[in-house]
*Asks:* 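First the structure, which I've put down as structure tokens, then a few questions once you've had a look.
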Amino acid sequence: MSVQPHQRADIAIQKHREIPKSNLIPFQKSKLEFHLIRFSATTKHHSLSSKPESWNLLIREYSQSRTPKDSILLFHQLLIDGFFVPNHLTFPSLFDACRRIRAIEEGRQLHSQAIKVGLNADVFVQRALVRLYARCGCCDDASRVFDRCPDPGIVSQNDLISGYLRIGEMRYARRVFDGMDEKNVVSWSVMVDGYAKNGEVEIAQELFNEMPERNSFSWNSIMGGYLRCGCVEEARHLFDRMPERDVVTWTVMISGYAQNCLFREALETFLQMQIAGLEPNRITLVSVLPAIAQLGALTQGRWIHAYIDKRGIELDGVLGSALVDMYSKCGCIEEALDVFEKLTWKELSSWNSIIGGLAAHGLGKDALHVFSRMREDSSMVPNDITFVGVLSACSHAGLVEEGRMAFNLLTDFYKMAPNVRHYGCMVDLLGRAGHLEEARELIENMPVESNSVIWKTLLGACRIHKNVELAEHISRVATEMGDQDSGFYALVSNIFSEAGRLNDAGKMRRKMNDLKVKKVAGCSSVEVGGVVHEFLMGGENFHAESEAICSMVDEMERRMGQGGYRTNASKVSICAGQEEERPRMGHHSEKLAIAFGLIKTSRRTPIRVMKNLRVCDDCHTATKLISKIYDREIIVRDQSRFHRFKNGTCSCADYW
Ligand code: ZN
Ligand code: ZN
């Protein structure tokens, strides 16, 4: 025989699973060979050909082992040896093996062989084929076998339904489901889950209501369906009504809250879960960590890290990246780096997390260094998120040449199409460095549609470099585009007033007021004793300890005044994304949070403030002074980056 069948099987399997060559066990080296030698020797003496059940047992054993392809190789070898006649028990095992390694072409060839030897009408062969085709997404083939099967059984029906659901063919799945004489719990659950995952939560709910018997799987499915379409209240209602909540139930609820930006609720549910006596698993931790990161709830984050270590939970790429991201968003870039370096397997998301983290902390050079290390790893190909991290690292650190090189790398080397975020980073980088015309040309010539964010970025640069002409041009473009962003006009108004063109400034301000866009209230939070305290701008009784906080703010102002600091009211102007008004001197939300941190924490503890908007010039100057006067490290995360204030200076070097 010229073609070695085992080689053919190898090729077919490799093609469908894209297993790297090195991962394939060479035929000669596999455990199988020893069995073959043993069995061949036995055969020669005792003529095993009369006992096919021994071979069938071995084939089945291999099909269920960690190397299912060995069962196929054995089968082909036996055919070459010519003393084995397959029967109705042989093919189901072979089809199972193909299903497990998704070797659909090999499966088809075996199907033809089953037809040749007249075994295709056997019910066990047919059921195994339905499962193989359905699991591999070949639902037409599955359906053809299913239709010819005189007794497919509930399991095959469920297989076919699942197959259709997996490829989003709801109508066909429903047809099989409705045609079932007898439905067991599994069929109902699979259908409910399919509709919920497909976003058809109303139909899922209808079926759920009709279900004769509900299991926790279907409760979780319907809840997940509601969460996926943003109906958090409905999901919570189901959650509260559930007769039994398992780890999956809690995890679905936590991850749903986090995905709907309800971070506080996600964290609270996570704490309630532990009070209820359930142990979070890896997926629970991956779901809650982003919420913790957003809230800056460092104590909780550290607790999770300790929990992972204590339980010996493996830090895989996903969990590792979530942990890196949590530390960096909580302002602890050193700890983020530490976790990153200890990851045994660094996935793309891990590299992206640390590069983005270093960028936000203004550590541009370090971010670029990590990026070059990533490129040395031949198995890693950066994606669009990597480049957002790299380009923003350059823009936060003012690395113009490096930024240009990275942008060229993106387009020329990796042949990727830059998106509006990449262009935004470049505009920010060029604009702040004073290359205003180049930035403007970039926007006007970019192949993607511009948005108000990118123009606002350039406006910010116009303000820094006092380029009123370009600002006027941009404001005309924005008006033509029908821009409804009030922050945009606020910025133009500031540029006019700073240039002494008060009439024009007034015009812009009226335009801004006409828009009546609801402004986002400034909010800063600080974690003290494991509790995240939130502060809104100004107002009386904003906190249980508002009196103490106000007197602390007064003291801060007084001590800063002794150092020559005066709040320059005329200079306190509104900037895009900053807090808009000052009800009382010195009461922007981060000052309240810093005051609270100073009262409540010991001298050596850094104060970490999370802010939803950008830090204004005045607060930036004040925080620098406070860090010196009170000898405290103050880390502020604002809308766009981190500021680390220490001994009178900021890590951003006033470049933000
Ligand atoms: Zn401020
Ligand atoms: Zn700063």
Side-chain angles (χ1 to χ4, degrees), residues 285 289-290 292-310 315 317-347 349-374 386 389-390 392-394 396-397 399 525-530 532 593-594 597 601-611 615 623-624 627-628 630-638 640-653 655-656:
L285 302 179
L289 277 169
I292 289 176
Q294 286 300 325
L295 292 168
L298 182 59
T299 308
Q300 281 302 326
R302 285 207 172 114
W303 183 86
I304 288 183
H305 191 180
Y307 179 86
I308 291 168
D309 286 347
K310 206 173 117 196
L315 265 189
V318 181
L319 185 56
S321 312
L323 206 56
V324 169
D325 205 45
M326 181 279 294
Y327 274 125
S328 98
K329 288 218 169 82
C330 285
C332 308
I333 193 66
E334 289 86 359
E335 277 157 285
L337 268 169
D338 194 48
V339 174
F340 173 77
E341 295 300 351
K342 282 183 186 149
L343 289 178
T344 42
W345 178 246
K346 296 175 175 65
E347 282 182 24
S349 60
S350 329
W351 291 98
N352 287 352
S353 289
I354 196 69
I355 291 173
L358 289 165
H361 283 262
L363 301 165
K365 289 250 160 78
D366 300 82
L368 290 176
H369 178 67
V370 174
F371 178 57
S372 65
R373 268 174 64 198
M374 175 189 180
T386 322
V390 170
S392 70
C394 295
H396 285 317
L399 305 168
S525 64
V526 65
E527 193 204 52
V528 170
V532 178
I594 291 168
T601 58
S602 60
R603 275 198 63 189
R604 293 273 158 247
T605 326
I607 300 171
R608 296 167 209 277
V609 176
M610 309 292 152
K611 189 172 181 190
V615 176
T623 312
K624 282 196 285 188
S627 75
K628 191 178 169 71
Y630 290 88
D631 188 21
R632 271 298 181 107
E633 189 176 348
I634 302 168
I635 298 155
V636 179
R637 179 181 86 190
D638 78 0
S640 70
R641 61 166 296 151
F642 276 90
H643 300 265
R644 194 175 196 147
F645 299 93
K646 208 173 174 181
N647 202 24
T649 59
C650 178
S651 62
C652 75
Y655 192 80
W656 88 96

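What's counted below: heavy atoms across the whole structure, side chains too, no hydrogens, waters or symmetry copies. Model, not experiment: these values are computed from the prediction.
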*Asks:* So do the side chains of Asp338 and Lys342 get within less than 4.5 Å of each other, counting heavy atoms only?
*Replies:*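 Counting from C-beta outward, Asp338 and Lys342 do come under 4.5 Å.
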
*Asks:* Could you grab the distance from atom CZ of Arg644 to atom CD1 of Ile634, nearest 0.5 Å is fine?
*Replies:*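 Rounded to the nearest 0.5 Å, the CZ-CD1 separation comes to 12.5 Å.
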
*Asks:* Considering non-hydrogen atoms only, spot the tightest contact between Gly320 and Val339 and give its length.
*Replies:*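 Answer, listing the atom of Gly320 first, then Val339: O-CG1, 4.3 Å.
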
*Asks:* To the closest 0.5 Å, what do you measure between CZ (Phe642) and SG (Cys650)?
*Replies:*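 The distance works out to 12.0 Å.
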
*Asks:* Not counting sequence neighbours, list each pair that qualifies as a salt bridge (Lys or Arg N to Asp or Glu O under 4.0 Å) and has a residue in residues 349-373.
*Replies:*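 Residue pairs with at least one partner in residues 349-373: Glu341-Arg373.
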
*Asks:* Taking the side chain as every heavy atom from C-beta outward, state whether Arg604 and Asp631 have any atom pair closer than 4.5 Å.
*Replies:*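 Side chain of Arg604 against side chain of Asp631, heavy atoms only: contact under 4.5 Å found.
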
*Asks:* Identify the two heavy atoms, one from Leu295 and one from Ser525, that lie closest to each other, and give their separation to 0.1 Å.
*Replies:*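 Between these two residues, the closest heavy atoms are O-OG, 4.0 Å.
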
*Asks:* With distance as the sole test, does Arg637 use its side chain to make a donor-acceptor pair with the main-chain N or O of Arg608 at under 3.5 Å?
*Replies:*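 Checked: no pair found.
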
*Asks:* Has His361 got a side-chain atom pairing as donor or acceptor with Ser328's backbone, closer than 3.5 angstrom?
*Replies:*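 Yes.
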
*Asks:* Is it true that the side chains of Thr299 and Glu527 contain a donor and an acceptor less than 3.5 Å apart?
*Replies:*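 Yes, side-chain donor-acceptor contact under 3.5 Å.
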
*Asks:* Nearest 0.5 Å please: distance from the OG atom of Ser353 over to the NZ atom of Lys329.
*Replies:*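 Ser353 OG to Lys329 NZ: 7.5 Å, rounded to 0.5 Å.
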
*Asks:* Give, for atom CG of Leu285 and atom CG of Leu319, the distance between the pair rounded to the nearest 0.5 Å.
*Replies:*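 Answer rounded to 0.5 Å: 6.0 Å.
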
*Asks:* To the nearest 0.5 angstrom, please state how far the CD1 atom of Ile333 sits from the CG atom of Leu358.
*Replies:*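 The distance works out to 4.5 Å.
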
*Asks:* Has Arg641 got a side-chain atom pairing as donor or acceptor with Ala359's backbone, closer than 3.5 angstrom?
*Replies:*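 The answer is no, because no donor-acceptor pair under 3.5 Å joins these two groups.
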
*Asks:* Over 60° means perpendicular and under 30° means parallel, so classify the ring planes of Phe340 and Trp351, tilted if in between.
*Replies:*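 Rings of Trp351 and Phe340: perpendicular, as their planes differ by over 60°.
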
*Asks:* Work out which heavy atom in Ala293 is nearest to a heavy atom in Asp325; give both atom names and the distance.
*Replies:*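 Minimum heavy-atom contact is CB-O, 4.4 Å.
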
*Asks:* For Cys330, which residues count as a side chain to side chain contact (heavy atoms under 4.5 Å, CB included) partner, sequence neighbours excluded?
*Replies:*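 Cys330 satisfies side chain to side chain contact (heavy atoms under 4.5 Å, CB included) with Leu298, Met326 only.
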
*Asks:* Kindly compute the distance separating OG (Ser350) from CD1 (Ile355), expressed to the nearest 0.5 Å.
*Replies:*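 Taking OG in Ser350 and CD1 in Ile355, the distance rounds to 10.5 Å.
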
*Asks:* Once side-chain hydrogen bond (donor to acceptor under 3.5 Å, both in side chains) is applied, do any residues pair with His643, and if so which ones, sequence neighbours excluded?
*Replies:*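 Only His620, Asp638 meet the side-chain hydrogen bond (donor to acceptor under 3.5 Å, both in side chains) criterion with His643.
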
*Asks:* Locate the shortest heavy-atom distance separating Cys332 from Arg302; write the atom from each residue and the value.
*Replies:*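 So the minimum-distance heavy-atom pair works out to SG-NH2, 4.0 Å.
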
*Asks:* Please identify which of these residues, Ile635, Thr623, Val615, Ile594, meets the side chain to side chain contact (heavy atoms under 4.5 Å, CB included) condition with Val609.
*Replies:*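 It is Ile594; the other options fail the test.
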
*Asks:* Go through it in stages, so that I can follow the logic: the residues are Arg632 and Thr601, the test is side chain to side chain contact (heavy atoms under 4.5 Å, CB included), and I'd like the CA-CA distance, side-chain angles, deciding distance and then a yes or no.
*Replies:* CA-CA 10 Å; Arg632 271 298 181 107; Thr601 58; 2.9 Å; yes

